[in-house]
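Residue numbers start at 1 and run along the sequence shown.
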Amino acid sequence: QLQACGGGLVQAGGSLRLSCIAPVRTFGRFVMGWFRQAPGKEREFVAAILWSGLITDYSDSVKGRFTISRDNDKGTVFLQMNSLEPEDTAVYYCAADFDLGKRTAGSVNYWGKGTQVTVSS
């Protein structure tokens, strides 16, 4: 039900924009966000946005470089990633309906398939 796209290969310092199609009928009132998982590491929180779009939250590692937004009319959530670093290389997952206070993968109720982001040095 959640479909993420927009990943790819980019050089350090470059930008990518991820999109997640999230049908409004199902996800319009949920917290939406992005998690990522690098090889050999646990899935970690990246960014979140409330259904109103007025409140956003970011992990310290991406704050100031990534921007999350949503278009409820189109049922889409975006993650604009700027100033990418090799450490950002991971599979990125769109997520819906989770505990923003916990920021844990275990609290997520809906996952999309991941999209690979690779940042070369």
Side-chain angles (χ1 to χ4, degrees):
Q1 291 181 313
L2 295 174
Q3 299 179 37
C5 61
L9 173 64
V10 64
Q11 289 187 332
S15 299
L16 282 174
R17 189 193 197 201
L18 305 183
S19 300
C20 175
I21 299 173
V24 175
R25 181 179 301 178
T26 304
F27 302 104
R29 291 283 179 172
F30 289 159
V31 171
M32 299 290 300
W34 294 89
F35 286 69
R36 67 186 182 186
Q37 188 166 18
K41 295 187 178 181
E42 294 186 351
R43 194 170 297 189
E44 64 174 4
F45 169 79
V46 175
I49 186 167
L50 296 191
W51 71 269
S52 65
L54 296 179
I55 296 177
T56 57
D57 191 25
Y58 300 91
S59 68
D60 288 343
S61 62
V62 307
K63 195 173 295 182
R65 300 187 298 121
F66 291 10
T67 302
I68 189 170
S69 61
R70 67 192 295 170
D71 184 335
N72 284 337
D73 290 338
K74 297 182 179 179
T76 307
V77 179
F78 304 97
L79 185 68
Q80 178 66 43
M81 305 185 294
N82 298 329
S83 302
L84 282 162
E85 304 168 351
E87 293 73 22
D88 296 316
T89 295
V91 177
Y92 283 70
Y93 296 89
C94 181
D97 189 18
F98 57 93
D99 189 333
L100 189 57
K102 293 181 178 179
R103 296 175 157 193
T104 58
S107 70
V108 175
N109 288 307
Y110 299 94
W111 290 106
K113 290 184 179 179
T115 184
Q116 177 70 46
V117 171
T118 303
V119 184
S120 63
S121 57

Which distance, rounded to the nearest 0.5 Å, do you find between the [atom1] of [X] and the [atom2] of [Y]?
X     : Y      : atom1 : atom2 : value
Phe45 : Asp60  : CZ    : CG    : 10.0 Å
Thr76 : Met32  : OG1   : CE    : 9.5 Å
Ile21 : Gln1   : CD1   : CD    : 13.0 Å
Ser59 : Arg36  : OG    : CZ    : 6.0 Å
Glu85 : Ser121 : CD    : OG    : 12.0 Å

Decide whether [X] and [Y] are clustered together by the hydrophobic rule: side chain heavy atoms of Ile, Leu, Val, Met, Phe, Trp, Tyr closer than 4.5 Å, transitively.
X      : Y     : value
Val117 : Phe35 : no
Leu16  : Tyr93 : no
Val24  : Phe78 : no
Phe98  : Leu2  : no
Phe30  : Leu18 : yes

| message | Restricting to side-chain hydrogen bond (donor to acceptor under 3.5 Å, both in side chains), what partner residues turn up for Glu87, sequence neighbours left out? | response | none

| field | Donor-acceptor pair, side chain of Asp99 and main chain of Ser107, under 3.5 angstrom | value | no

| Donor-acceptor under 3.5 Å (Thr118 side chain, Thr89 main chain) | no

| said: Would you call the rings of Phe66 and Tyr92 parallel, tilted or perpendicular, taking 30° and 60° as the class edges? | reply: tilted

| field | Step-by-step side-chain contact (heavy atoms from CB on, under 4.5 Å) determination, Trp34 to Met81 | value | CA-CA 12 Å; Trp34 294 89; Met81 305 185 294; over 6 Å; no

Only distances under 3.5 Å count here; give the side-chain donor-acceptor pairs of residues 46-58 to other protein atoms, sequence neighbours excluded, each with its distance to 0.1 Å.
from	atom 1	to	atom 2	distance (Å)
Ser52	OG	Leu54	N	3.2
Asp57	OD1	Arg103	NH2	2.7
Asp57	OD2	Arg103	NE	2.9
Asp57	OD2	Arg103	NH2	2.9
Tyr58	OH	Ile68	N	2.8

| query | Tell me, do Arg65 and Asp88 make a side-chain contact under 4.5 Å, heavy atoms counted? | reply | yes

| Which pair of heavy atoms, one from Lys113 and one from Ala4, lies closest together, and at what distance? | O-CB, 3.7 Å

| request: Go through the steps to decide whether Cys94 and Cys20 satisfy the test disulfide bond (SG atoms under 2.5 Å apart), and finish with yes or no. | output: CA-CA 6 Å; Cys94 181; Cys20 175; 2.0 Å; yes

| message | By the side-chain hydrogen bond (donor to acceptor under 3.5 Å, both in side chains) test, which pairs, at least two apart or in different chains, include something from residues 17-26? | response | none

